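Below is one structure, written out as structure tokens; comments come after it.
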2 protein chains.
Amino acid sequence: MYSFAEENYLKAIYKLQEHSDLAVNTNSIATSIQTKAASVTDMIKKLSDKKLLKYEKYKGVELTNLGKKIAIETVRKHRLWETFLHDKLKFAWDEVHDIAEQLEHIKSSELIDKLDEYLGFPTHDPHGDPIPGRNGVIIQSNFVLLSELKVGESGVISGVVNHSSVFLKHLEKNGLTLGKKVQVKEIGEFDQLVQLLLSTKESILVSNEVVKNILVKIQYS
Amino acid sequence: MYSFAEENYLKAIYKLQEHSDLAVNTNSIATSIQTKAASVTDMIKKLSDKKLLKYEKYKGVELTNLGKKIAIETVRKHRLWETFLHDKLKFAWDEVHDIAEQLEHIKSSELIDKLDEYLGFPTHDPHGDPIPGRNGVIIQSNFVLLSELKVGESGVISGVVNHSSVFLKHLEKNGLTLGKKVQVKEIGEFDQLVQLLLSTKESILVSNEVVKNILVKIQYS
DNA sequence: AATAATTTTTAGATTAGCCTAAAATTATTT
DNA sequence: AAATAATTTTAGGCTAATCTAAAAATTATT
Ligand SMILES: [Mn+2]
Ligand SMILES: [Mn+2]
Ligand SMILES: [Mn+2]
Ligand SMILES: [Mn+2]
């Protein structure tokens, strides 16, 4: 099977090429995985030998179908474990990522399928990210940024762009958690601060940086 | 923190010195961990440098308190994960060990404590082995081998000595699982085959090798 | 006590994964 | 089109964990 490092590289490359089907370059992998470009070159040679990606010197890499499959399996494991940690063990949504980063490398397809079943075949992880199915299919949700909503429009918080602990804690503190309905009341003309109306009738003021990192499912009323 | 390999060595040494407080010798570690003596020598030097064990050339090793602590923590994790896999994910008792062998190395004390709580603070794993507490304390149960029982005596199956999959499956097939009450009906004088009476009134015949590997809690009737 | 057998250690390699520094290539400015 | 900047690769080294084969130490046998 594949090593932790190999799986981490595949996952990182997968996420980099996910929303832009260009070749992924060495430096961007290095940045995303917090390592040096020279290390990346070493590793992508190995992954290329193992037919997990296509590599042309100085031209970046592209995952093969096999590489993509392993990457998606790793994402599936990661998100299922995050769901377990959050739903069953009651970890806060900003605490699950680092532990899942370890758990995602446990080798056993039986384990992950039983975990999936135990969790009731969840479709999204605690951050609203879709959980790939056994078959590798990922159902893309059509969420939009809360910053895209016009004054008067409403949406249900369904995901986050920024996954950092400090951001997630900030949302939690403001009651902006998954499933909460929010309506845009006012957008400050000068500083773009956004006034949000919660379903509790409570009104809160958040920065533009916050609404740019929240994904909502639009509610037509 | 400690590497997977280091934790595995500590656990192996711990189990070897557990029931005999002599120094543990190089070859026995090599055998138990399925590696070569030269590799063991390399590793015990490292563990000695890290104050996890006391090592004297040609004289074997003894865990320090620190080494013992890490070993017990690893055993705790292993058995809690086995319990999770068995109780929650419904893995058979012969399927949990190999996966727990991986899970025991996940680094997060918060995780293991929450798992412990989630499982209801179990005292024994699916094979009847005691689960060390947070504090490292292991409650030793006074189980005896089923082979020690005389004709007429009864006991509740509470553990196994042999943990191999083939043995565990054999027990399962014969209904000899944890918690089952058995009474020794007859011991064959010629071949030592043992006739056991189950609480279902069913009577089964098992080999001496089987009863020598089952631990029971004696029932005084 | 000497010899033989066994155990343990050392010496020297190997592989995975990472690093720094220098060289090579590609991209961007002048 | 040169020159300069940025990116990428190569070269050489390092650590962890393993191995084989040989040497050294210990233990058992004659
Ligand atoms: Mn995550
Ligand atoms: Mn990872
Ligand atoms: Mn086990
Ligand atoms: Mn292990």
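It should be emphasised that the depicted structure is a prediction, and the values quoted were computed from it without experimental measurement.
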Let me know the distance between [atom1] of [X] and [atom2] of [N], rounded to the nearest Å.
X	N	atom1	atom2	value
B:Asn8	D:dA16	CG	P	17 Å
B:Met1	D:dA16	CE	C1'	17 Å
A:Leu47	C:dA16	CG	P	12 Å
A:Leu10	C:dG17	CG	P	11 Å
A:Met43	D:dT8	CE	P	18 Å
A:Ile33	C:dG17	CD1	C1'	11 Å
B:Glu56	C:dT9	CD	P	11 Å

OP1 or OP2 of [N] sitting under 4.0 Å from any side-chain N/O of [X]?
X	N	value
A:Tyr2	C:dG17	no
B:Tyr55	C:dT9	yes
B:Lys36	D:dT18	no
B:Asn25	C:dT7	no
B:Ser39	D:dT18	no
B:Lys45	C:dT9	no
A:Thr41	D:dT10	no

- Select from B:Gln34 and A:Ser28 the residue whose nearest nucleotide in DNA chain D is closer to the 5' end of that strand. A:Ser28

When you measure from the side chain of [X], which nucleotide among [options] comes out closest?
X	options	result
B:Tyr58	C:dC18, D:dT10, D:dA25	D:dA25
A:Asp42	D:dT8, D:dA21, C:dC19	C:dC19
B:Asn27	D:dT10, D:dT7, C:dT7	C:dT7

- Task: Anything under 30° is parallel, anything over 60° is perpendicular, the rest tilted; go ahead and classify A:Phe84 against B:Tyr118.
- Result: perpendicular

So what does [X] touch, heavy atoms closer than 4.0 Å: a base, only the sugar-phosphate, or nothing?
X	answer
B:Ala5	sugar-phosphate
A:Lys59	nothing
A:Phe4	nothing

For [N], the Watson-Crick or wobble counterpart (both distances under 3.5 Å):
N	value
D:dC14	C:dG17
D:dA21	C:dT10
D:dT30	C:dA1

Quick one: do [X] and [Y] make a salt bridge, cutoff under 4.0 Å?
X	Y	answer
A:Lys36	A:Asp42	no
B:Glu73	B:Arg76	no
A:Glu7	A:Lys11	no

- Note on the structure: Comparing nearest nucleotides in DNA chain C, the 5'-proximal residue of the pair A:Thr35, A:Lys57 is A:Thr35

- Query: Only one of B:His105, B:His127, B:His97 forms a ring-ring contact (aromatic ring centres under 6.0 Å, His included) with B:His78, so which one is it?
  - Reply: B:His97

- Under a 4.5 Å cut-off applied to non-hydrogen side-chain atoms, are A:Ile214 and A:Phe167 in contact? yes

